Amino acid sequence: MPKRQKMNKKRILLLFALAGLLAALAFVVHLDSVVRERFEGKRWQLPARVYARPLELYPGLSLSPSQMLAELSMLGYRETPEPEKPGTFRVRKQTIELVSRPFVFGDGAQPSVSLEVRFTDGQVKELVDRSRKSTLGLVRLEPILIGGIYPGNNEDRLLVQLDDVPQPLIDALIAVEDRRFYSHHGVDPKGLARAVFATASGNVQGGSTLTQQLAKNFFLTPERTIRRKLTEMLMALLIEFHYTKEEILEAYINEVYLGQDGNRAIHGFGLASRYFFDKPLTYLGLADTALLTGMLKGPSFYNPRSQPQRARERRSLVLELMAREGFISEEQLAAGRRAPLGVVERPPRGTSAYPAFLDLVHRQLQRDYRDEDLRSEGLQVFTTLDPQVQLAAERALARQLAQLENKYTQAPDSLQAAVLVTNTQNAEVQAVVGGRNPRNKGFNRALDARRPIGSLIKPVVYLTALQQSRRYTLATMVDDSPLVYAQNGTADWEPENYDHQFHGKVMLRDALIHSYNVSTARLGLDVGVSHVLANLRRLGVERAVPAFASSLLGANEFSPLEVTQVYQTLAGGGFRTPLRAIREVMTAEGSTLQRYPLNIEQVVDPAPLFLLTRTLQDVVREGTARRLEHYLPADLDIAGKTGTSDGFRDSWFAGFTGDRLGVVWIGRDDNQASGLTGASGAMTVWGRMMADLDLAPLLLPQGEKIEQVWIDQASGLRSAADCTGAIQLPFISGSAPQQAVSCAQKSEKRSLKNWFKRIFGG
Amino acid sequence: MKKIERCLAYAMILLLAGCASLEPVATEPPPPSRNAAVVSLLDAARSQSAAGKPDMAGASLERALRIEPQNPELWQELARVRLQQGQYREAENLAAKANILSGADMNLRAQNWQIIGQARTRLGDHQGAQAAFEKAERD
């Protein structure tokens, strides 16, 4: 061939080669951008982590060993013969020994403590630091992780940060899926070679590294062609080029497919942990971790619910591989193989056991944070939820609703309910139940169901009257005879009492104690509906409320949350504090972003409030709530109010002790009559729930403006200590009636003074 | 003679002791709480305030209040923290709460009124401040 032609051929070949190279390069660049876009796009959206209140232990705390064990169980602590590692405990007689996990709070780090908690009589008696052999005054356990706040309420992922992933999971992944993960660059030649040989000899194997598997997940359609395989390999190399092993691991853990829940795919170990074990991933033990890892190879084939035997065998295999790689000891292997499957029977619906409370948290956060920040920054949210109180509320509700439906021959599942419990002194919300199925994230009745509150408005009416101390005292006679109130443009209003009777002249306190409608209406009209509603606003209702005459008997609709805010101010001695579900928010790194400090505002004069609260105690002692004594001792001096709306559609009870306020609503979603009164319905739930909790009695400081005066019950006039029909009532000083009634001496009771007089004469 | 001297000596001692007991002895104020956890949290709060960290002091006091919600000293200290933070309306309210819980403890009441007076001064309510300081004097 002439030299020129040779040159041309060479050049053409070169050009082709160049073109080919350019094409390949272009492909690689394209792939690179795809990889990066997919990777960055998924990362991320680190959801906010939400915690319950931390349990603070100190000598004298009311806490039984079983309550403490419940807390440790929710924290994922494991029982061991000798607690050494953080997250382990052991139980002895009246003593629990544990090693706490370290935790960084906003106000300081709590290091891990090897602790002995000694109990006596349902109380913590002593705390001992086992390593230092010294007693401790106060120990704060780490708070329970109760849920998260996810991208656009999309709960297809329960994203976890690598820091929260238990080491055994990482070890298991390495041992089972990719032994040389940390040393290869995306593709593992040894693994690939073995896979080729094995496949050729009939044993089809994958040979994919974790990185390759991750790449596979980035594609929307599964394809098992050579071309796809090669593309995946290239992507794996590119991924390894851009990202660290840690980032790859984290992405993998959050991406992989682990099961199917109807038409919801379970992606990621975080969600799988919740779905199979009803626990956050960070609390999973070795055996559970091995089980999940084993499922990677075939989530439906190894589904522990449908194929328990297969799942067990696969789990054992995973544990053996881990032992072989030296990640676990022989003992751990043996223990893991012995362990029960531990899978919960019915998969929980959502991603948290406390959807109603989380809902409240989310709403309060949205006032200060944009949703994008909430779901992308990995914020740590510390809340006020008390899981023990929540459990008491849910249990009481479940038992009572079943009983009520039985007793009042309602169809099963026809009643619905809502419960809120708060701390009366600092307005922290301890429990929220949004419906009879608390695990369902459905309509949150506690926050959103607006129902007529009926007699729950009456304390506000009476407070308004008592604030006019010159005109109204607890002894003022009010008129419970028939009332016809003419209103412009509508029919006359003719309120009736529940017992369909009229009671004539009664003392103001009795009208409230027995919840008479007619006298309350008359009283309320006299002091003015607008004044009553103004007080309601002061007590904490923020919405504008339409004013009707029937507002005085609770025709207006409010949510249980709104009712709780109103009674919170009453229980707080006239100091209003906005209900709080959050204590503070920290960044993912641990620095404080925001605190929600305790602040109070005195909105009503304590003196008339004292009179009202005393009377609410009498409602429980002798009035419409007296059957509460079936559940709780009288010396708690509970203050409360029953509420029944028109037509028996809504059953309410609001009551408080020295430290806790509870509000319960029962009704039907279709707004039909439930036939329940406040006392026969909501109050029974309240009583049962509170009986499960430790309670402080309600002690009311009397204050200097109050004096106690003996009053004749029949006439409301002044009487004396040893007269029949006299009771002692509190009054704002100087407001007690001056006129006295002639006193019929009590023939039974002789005072000591009288005895002396008789003996010594004079 | 020695016996008489001894008797006289004893008598003198007794007399002196008797006189001494008539003098008012400065008593220590009672501890703010019988709960060791509360005491240590209150101490921590005071140190944090002194170190110029009122936010942390507030957090410590809130922890203590969860243990003893009716303890007036805790509410009072929280009122002081709010003063330090420049939140005068809040300080006034917290001191009012402390007062309600202080019962007959005159020292505590006086201190509460002092705080209320200071808060009102800062808020520009000089009449109210005056009234509060007078109440502090009386108590």
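Any value given below was found using the heavy atoms of this structure, including those in side chains, with hydrogens, waters and symmetry copies removed. Everything numeric here is computed off the predicted structure, so don't read it as measured data. Just so it is clear: chains get the letters A, B, ... in the order the sequence lines come, proteins before strands, and each one is counted from 1.
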Asks: Which heavy atom of Phe575(A) sits nearest to which heavy atom of Asn93(B), and what is that distance?
Replies: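 Residues Phe575(A) and Asn93(B), closest heavy atoms: CE2-O, 3.5 Å.
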
Asks: Calculate, to the nearest 0.5 Å, the distance between atoms CD and OH belonging to Glu68(B) and Tyr58(A) respectively.
Replies: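 These two atoms lie 8.0 Å from each other.
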
Asks: Can Phe610(A) and Ile100(B) be said to form a side-chain contact (heavy atoms from CB on, under 4.5 Å), step by step?
Replies: CA-CA 12 Å; Phe610(A) 176 85; Ile100(B) 291 178; over 6 Å; no

Asks: With chain A, which of Glu90(B), Lys97(B), Glu92(B) has the greatest number of heavy-atom pairs at distances under 4.5 Å?
Replies: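 If we count pairs closer than 4.5 Å to chain A, Lys97(B) comes out on top.
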
Asks: Evaluate the side-chain contact (heavy atoms from CB on, under 4.5 Å) criterion for residues Leu598(A) and Leu78(B): first the C-alpha distance (whole Å), next the side-chain angles of each, then the deciding distance (0.1 Å), finally the verdict.
Replies: CA-CA 9 Å; Leu598(A) 172 58; Leu78(B) 191 57; 4.2 Å; yes

Asks: Provide the closest heavy-atom pair for Ala37(B) versus Gly137(A) in the form atom of the first, atom of the second, distance.
Replies: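 That would be CB-O, 3.5 Å.
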
Asks: Between Glu601(A) and Arg89(B), does any side-chain N to carboxylate O distance fall below 4.0 Å?
Replies: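 Looking at Glu601(A) and Arg89(B), the cut-off is not met.
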
Asks: Looking at Arg580(A) and Glu62(B), is any side-chain nitrogen of the basic one under 4.0 Å from a carboxylate oxygen of the acidic one?
Replies: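 Judged by the 4.0 Å cut-off on N to carboxylate O distance, Glu62(B) and Arg580(A) do form a salt bridge.
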
Asks: Which is it for Arg82(B) and Asn599(A) under the side-chain contact (heavy atoms from CB on, under 4.5 Å) test, yes or no, and what are the steps along the way?
Replies: CA-CA 9 Å; Arg82(B) 294 289 178 257; Asn599(A) 275 316; 2.9 Å; yes

Asks: Among Ala36(B), Ser60(B), Gly58(B), Pro69(B), who wins on heavy-atom pairs under 4.5 Å with chain A?
Replies: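 That would be Pro69(B).
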
Asks: Heavy atoms only: give me the nearest Gly106(A)-Met56(B) pair and the separation to one decimal.
Replies: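 The answer is O-SD, 4.4 Å.
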
Asks: I'd like to check Gln70(B) versus Leu699(A) (side-chain heavy atoms, cut-off strictly below 4.5 Å). Are they in contact?
Replies: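 Contact flag for Gln70(B)/Leu699(A) side chains = no.
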
Asks: Which of these passes side-chain hydrogen bond (donor to acceptor under 3.5 Å, both in side chains) with Arg66(B): Glu428(A), Glu56(A), Gln425(A)?
Replies: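 Exactly one pass, corresponding to Glu428(A).
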
Asks: Check each atom of Asp107(A) against the heavy atoms of chain B and say whether the ones under 4.5 Å are side chain, backbone, both or neither.
Replies: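 Its backbone and side chain both get close to chain B.
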
Asks: By a 4.5 Å heavy-atom criterion (distance strictly below it), what part of Gln702(A) contacts chain B: side chain, backbone, both, or neither?
Replies: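 When you check distances to chain B, no heavy atom of Gln702(A) falls under 4.5 Å.
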
Asks: Between atom CD1 of Ile67(B) and atom CG of Leu138(A), what is the distance when rounded to the nearest 0.5 Å?
Replies: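 Spacing of CD1 (Ile67(B)) from CG (Leu138(A)) equals 5.0 Å.
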
Asks: Checking heavy atoms, do the side chain of Gln87(B), its backbone, both or neither come under 4.5 Å from chain A?
Replies: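 For Gln87(B), the side chain is the part near chain A, not the backbone.
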
Asks: Using non-hydrogen atoms only, which part of Pro597(A) is less than 4.5 Å away from chain B: side chain, backbone, both, or neither?
Replies: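 Its backbone and side chain both get close to chain B.
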
Asks: State whether the number of non-hydrogen atoms from other residues, nucleotides or ligands found under 6.0 Å of Arg140(A) atom CZ is greater than 12.
Replies: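 Count over threshold, so yes.
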
